[in-house]
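The structure appears right after this line, and notes come after that.
Note that these values count all heavy atoms, side chains included, but never hydrogens, waters or copies made by symmetry.
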Amino acid sequence: MGAASSSLAGSEAYDGKLCGLEDVPENCITAMFMYMEPPEICILARVNRSFHRASRSDTVWEHKLPLNYKFLVRRILEDQQVGEKDKVISRTKEIYARLCRPNLFDAGTKEAWLDKRNGKVCLAISPKAMKITGFDDRRYWERISSDESRFGSIAYLRQVWWLEAVGNIRFEFAPGKYSVLFKIRLGKPLRNCGRKTCNLDLVHGWDIKPVRFQLSTSDGQSAMSERHLDEPGRWFHHHVGDFVVENPNSPVWVKFSMLQIDCTHTKGGLCLDCVIICPFEFRGKYTYFD
């Protein structure tokens, strides 16, 4: 055994040679990537060819995708052309990259995207996908183009006696806890010499009675909260409540609403941008958005 060890130590393959990153087996790199976040993987893919090949492994990216990613491909990318869709879903890395972009679906009234770091899905629902009292009557509501909105426009309430905005979505969520938030603002957005300003002249009626926000799911979960709207001039996300998904293969209906139906007074000057459904741990990111 001693002779064999001496022979090995003196062999040309190991004599005076130091191992480098190019000597790390590709399967070891792949195993390491399983524990890293996607942005880190993309950075390390530049190290050498072995790291680059490992960074494209379907095993790595299928591990990063949510359990319901096949549903997401069918539902979110259904508006893509067939040839383009086939190209997108040919590799799991390409699927991940495509789903991380803002993806409009349902005729552009909803948007979905994955968080780049953990692959969890977020949704945004436009007012156009909701049933809103008087929404098609320009005496009550106005649609204003805005680069502050994911959908390119916001709904501005001029004045109503009865406010009721109700929406729903049927979606297959990955297991976890999710939050529902309304993105709203008091005041009409304006531009003055290129600067964004806010007209508060028509803001009224929100300090008399609170607005009621509700959510319910098809499996019996529900939540309700109330809020006096008293923060004019800034966007804020009101947290309606939370729901929990346990079955990854069963679509769930989520219904949400915003109501102020006290007809003793009018209310107006409200902007409604969208409704956000996001993982519970992301709630603070939107709650404190300004």
Side-chain angles (χ1 to χ4, degrees), residues 38 61-62 64-132 135-136 143-155 165-176 178-184 215-219 237 240 243 245 247-258 272-280 282-283 285-286:
W61 291 100
E62 187 163 6
K64 306 300 179 185
L65 284 163
L67 294 177
N68 62 334
Y69 82 89
K70 292 182 180 179
F71 166 83
L72 298 178
V73 170
R74 294 194 305 269
R75 179 70 188 277
I76 296 175
L77 304 182
E78 63 184 2
D79 293 335
Q80 298 285 340
Q81 295 180 355
V82 175
E84 184 179 351
K85 183 189 294 186
D86 291 342
K87 180 180 179 181
V88 169
I89 65 175
S90 62
R91 299 292 298 269
T92 51
K93 181 180 180 180
E94 295 168 346
I95 294 175
Y96 193 94
R98 182 66 180 86
L99 291 177
C100 282
R101 305 171 191 168
N103 293 282
L104 294 172
F105 63 105
D106 284 2
T109 62
K110 301 180 181 73
E111 187 178 76
W113 67 97
L114 296 185
D115 180 78
K116 293 181 180 180
R117 291 194 171 275
N118 59 28
K120 294 188 177 182
V121 67
C122 300
L123 298 173
I125 299 95
S126 165
K128 296 178 182 178
M130 303 172 64
K131 293 183 179 180
I132 302 176
F135 190 62
D136 295 324
R143 300 175 190 178
I144 302 175
S145 298
S146 173
D147 57 6
E148 296 180 289
S149 172
R150 288 183 170 275
F151 299 97
S153 66
I154 58 177
V166 181
N168 61 68
I169 185 171
R170 183 177 184 269
F171 206 79
E172 187 177 301
F173 294 91
Y178 295 85
S179 296
V180 177
L181 307 102
F182 273 78
K183 182 183 176 184
I184 51 184
L215 83 85
S216 61
T217 65
S218 53
D219 59 359
H237 292 75
V240 181
F243 64 94
V245 175
N247 188 348
N249 301 313
S250 178
V252 60
W253 278 100
V254 180
K255 182 179 179 180
F256 41 85
S257 62
M258 178 176 69
L272 172 60
D273 178 31
C274 66
V275 173
I276 298 285
I277 301 178
C278 64
F280 175 77
F282 293 176
R283 183 186 66 174
K285 171 183 176 183
Y286 294 106

For Asp147, all residues meeting side chain to side chain donor-acceptor pair (under 3.5 Å), sequence neighbours excluded:
Arg191, Lys196

Those residues that, when tested against Trp61, pass ring-ring contact (aromatic ring centres under 6.0 Å, His included) (two or more places apart)
Tyr96

Does Asp115 reach the main-chain N or O of Asn118 with its side chain, forming a donor-acceptor pair under 3.5 Å?
yes

Report the distance from atom CG of Asn247 to atom CG of Leu67, rounding to the nearest 0.5 Å.
11.0 Å

Locate the shortest heavy-atom distance separating Arg101 from Trp113; write the atom from each residue and the value.
O-CB, 3.5 Å

Results of side chain to side chain donor-acceptor pair (under 3.5 Å) for Glu111 - residues two or more places apart only:
Arg150

Can you name the side chain to side chain donor-acceptor pair (under 3.5 Å) partners of Asp219, sequence neighbours left out?
Thr217, Gln221

Find the distance between NZ (Lys183) and CG (Leu272) and round it off to the nearest 0.5 Å.
10.5 Å

Got a second to check how far Lys116's NZ is from Leu114's CG, nearest 0.5 Å?
11.0 Å

Got Val240 and Met258 here, is their nearest side-chain heavy-atom distance under 4.5 Å?
no

Can you spot which of Val275, Val166, Asn168 makes a side-chain contact (heavy atoms from CB on, under 4.5 Å) with Met130?
Val275

Listed partners of Asn68 passing side-chain contact (heavy atoms from CB on, under 4.5 Å), at least two apart:
Pro66, Phe71, Leu72, Glu172, Ala174

Taken in chain and number order and not counting sequence neighbours, the residues that satisfy side chain to side chain donor-acceptor pair (under 3.5 Å) with Ser149 are Asp273

Heavy-atom side-chain proximity of Phe135 to Arg143 below 4.5 angstrom:
yes

If you look at every heavy atom in Phe256 and Val180, which pair is closest and at what distance?
CB-CG1, 4.2 Å

When rounded to the nearest 0.5 Å, the distance separating CD1 of Ile125 from CD1 of Ile169 is 4.5 Å

d(Phe151 CZ, Thr109 OG1) to nearest 0.5 Å is 7.0 Å

Distance in Å, Phe182 CZ paired with Ile276 CD1, rounded so as to fall on 0.5 Å steps:
11.0 Å

Listed partners of Phe173 passing ring-ring contact (aromatic ring centres under 6.0 Å, His included), at least two apart
Phe171, Tyr178, Phe243

Where do Leu65 and Lys70 land on the side chain to side chain contact (heavy atoms under 4.5 Å, CB included) test, with the steps shown first?
CA-CA 9 Å; Leu65 284 163; Lys70 292 182 180 179; over 6 Å; no

What pairs of residues pass the side-chain hydrogen bond (donor to acceptor under 3.5 Å, both in side chains) test when at least one of them lies in residues 120-132, not counting sequence neighbours?
Lys120-Glu281

Residues at least two apart in sequence or cross-chain that pass salt bridge (Lys or Arg N to Asp or Glu O under 4.0 Å) with Glu148, listed by chain then number, are Arg185

